[in-house]
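Given the structure is predicted, the values throughout are model-derived calculations rather than measurements. Heavy atoms only: backbone and side chains are in, while hydrogens, waters and symmetry mates are out.
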Amino acid sequence: MTLDAGEAGGTPTKATADEADLQAGIDHLAGLVADSMDLGQLLTEVAVSGAQAVPGADGVGLTLVGADRSDGAAIESAGTGAVIDQLVRLQFADLHEGPCITAVANAMTVRSGSLGGEKRWPRFGPRAGRLGVNSVLALPLGVAGTVIGVMGVYSHRRNGFDDHAAELAQLFAKPAAVAVHNAHILSQAQTLTAQLQVALTTRPIIDQAIGLLRGRTGRSAEDSFAQLRAISQAEHRKVAEVAQQIVEDAVRRARSRRHP
């Protein structure tokens with residue numbers, strides 16, 4: 001049996017080098033600590049790793065989608081450069097069409113080697129071509145049978161991704177989906193914690209304002225809170241801000257009566 005250069009210990013073959021890049025990208029994913037960065041930063045790190053892992057990639061964009069993925073709504077996105085960010089915006093914000101939206105809607109990998117003449121996305125394709133991007137691999141990010149996002153891999157070259165590149169991209173997409181999913185869950189938990197902390201801080205003020213309104217009007221607690229909300233909506237301010245003003249006004253009036 002004849003050994004190639006990589007097997008004989010000489011210069012690594014392209015396939016061996018590609019596999020090494022893939023492993024390096026996956027290892028980088030495993031080393032990411034979600035609680036040390038926000039969701040956007042983690043998506044960027046995953047995108048950078050994807051660009052390293054997929055042969056022929058000139059840039060990668062990661063987009064997290066909502067539960068109702070039929071409307072193409074994006075929760076968060078990040079990419080490896082300004083052109084990639086523009087491609088993501090074109091698909092999810094401006095045109096609502098493109099390979100990434102198709103990949104999410106059908107839960108299938110989408111590939112094109114000539115975006116400029118692509119008939120599947122008649123508005124997105126020519127714009128991508130004018131940006132110098134001709135090839136794309138769009139891979140849905142799935143966790144437990146649910147698509148939670150999409151990874152768009154882009155190349156300046158025509159027919160930039162062959163079957164080998166698509167296979168490696170799919171291998172990378174699996175751990176990438178887990179990393180993105182876990183980061184999103186952590187982000188939601190952190191947001192909820194912050195909201196609870198705000199609620200614990202503002203609840204005493206709101207209760208005081210409700211008590212003052214009840215004392216003035218004789219209304220029930222429910223009616224007094226409804227009055228707070230009505231003032232909040234009319235003045236386009238938060239309920240806690242309105243409550244704070246009511247309490248502060250009451251304190252000022254009490255002090256003025258005490259020290260005329």
Problem set entry | Qualifying salt bridge (charged side-chain N to carboxylate O under 4.0 Å, His left out) pairs, either residue in residues 109-120, two or more places apart |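 Qualifying pairs, neighbours excluded: R111-D163, E118-R120.
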For this session: Hey, could you give me each pair passing salt bridge (charged side-chain N to carboxylate O under 4.0 Å, His left out) that has a residue in residues 53-66? Not counting sequence neighbours.
Result: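 Listed once each, the pairs are D58-R157.
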Minimum heavy-atom distance between [X] and [Y], given as atom pair plus value:
X	Y	result
P140	A107	CG-C, 3.7 Å
R214	S224	CG-OG, 3.2 Å
T80	A51	CG2-CB, 4.4 Å
F92	V65	CE2-CG1, 4.1 Å
R158	S114	NH1-OG, 2.8 Å
Y154	I84	CD1-CD1, 3.6 Å

Contacts of type salt bridge (Lys or Arg N to Asp or Glu O under 4.0 Å), residue [X], not counting sequence neighbours:
X	value
D207	R203
R219	none
R216	none

Min side-chain heavy-atom separation [X]-[Y] under 4.5 Å:
X	Y	result
D38	Q41	yes
F172	S49	yes
V180	L62	yes
V60	V54	no
L87	V133	yes
L139	V153	yes

Exercise. Do Q91 side-chain atoms and C100 backbone N/O form a donor-acceptor pair below 3.5 Å?
Worked result: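 Yes, the answer is positive, given that a donor and an acceptor are paired below the 3.5 Å cut-off.
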Name all residues meeting the side-chain hydrogen bond (donor to acceptor under 3.5 Å, both in side chains) criterion together with [X]; count only those two or more places apart in sequence or in a different chain, and write none if there are none.
X	value
H156	none
D223	S220
R89	none
D162	none

Problem set entry | Contacts of A230 that satisfy side chain to side chain contact (heavy atoms under 4.5 Å, CB included) - sequence neighbours left out | none
Per-pair distances, 0.1 Å, donor-acceptor, side chain in residues 238-245, under 3.5 Å, sequence neighbours excluded:
unit_1: Q244; atom_1: NE2; unit_2: E248; atom_2: OE2; d: 2.9
unit_1: Q245; atom_1: OE1; unit_2: R237; atom_2: NH1; d: 2.9
unit_1: Q245; atom_1: OE1; unit_2: R237; atom_2: NH2; d: 2.7

Exercise. Between W121 and T102, do the side chains contain an N or O donor and an N or O acceptor separated by less than 3.5 Å?
Worked result: yes
Kindly compute the distance separating [atom1] ([X]) from [atom2] ([Y]), expressed to the nearest 0.5 Å.
X	Y	atom1	atom2	answer
R127	L115	CZ	CG	14.0 Å
L131	L90	CG	CG	7.0 Å
T44	E76	OG1	CD	8.5 Å
I101	T63	CD1	OG1	9.0 Å
M151	L43	CE	CG	12.5 Å
L64	S77	CG	OG	9.5 Å

Exercise. In terms of hydrophobic clustering (I, L, V, M, F, W, Y; side-chain heavy atoms under 4.5 Å; direct or indirect links), are V178 and L168 co-clustered?
Worked result: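 No, no single cluster joins them.
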For this session: Any side-chain hydrogen bond (donor to acceptor under 3.5 Å, both in side chains) involving residues 128-140? Give me the pairs, sequence neighbours left out, ordered by first then second residue.
Result: none
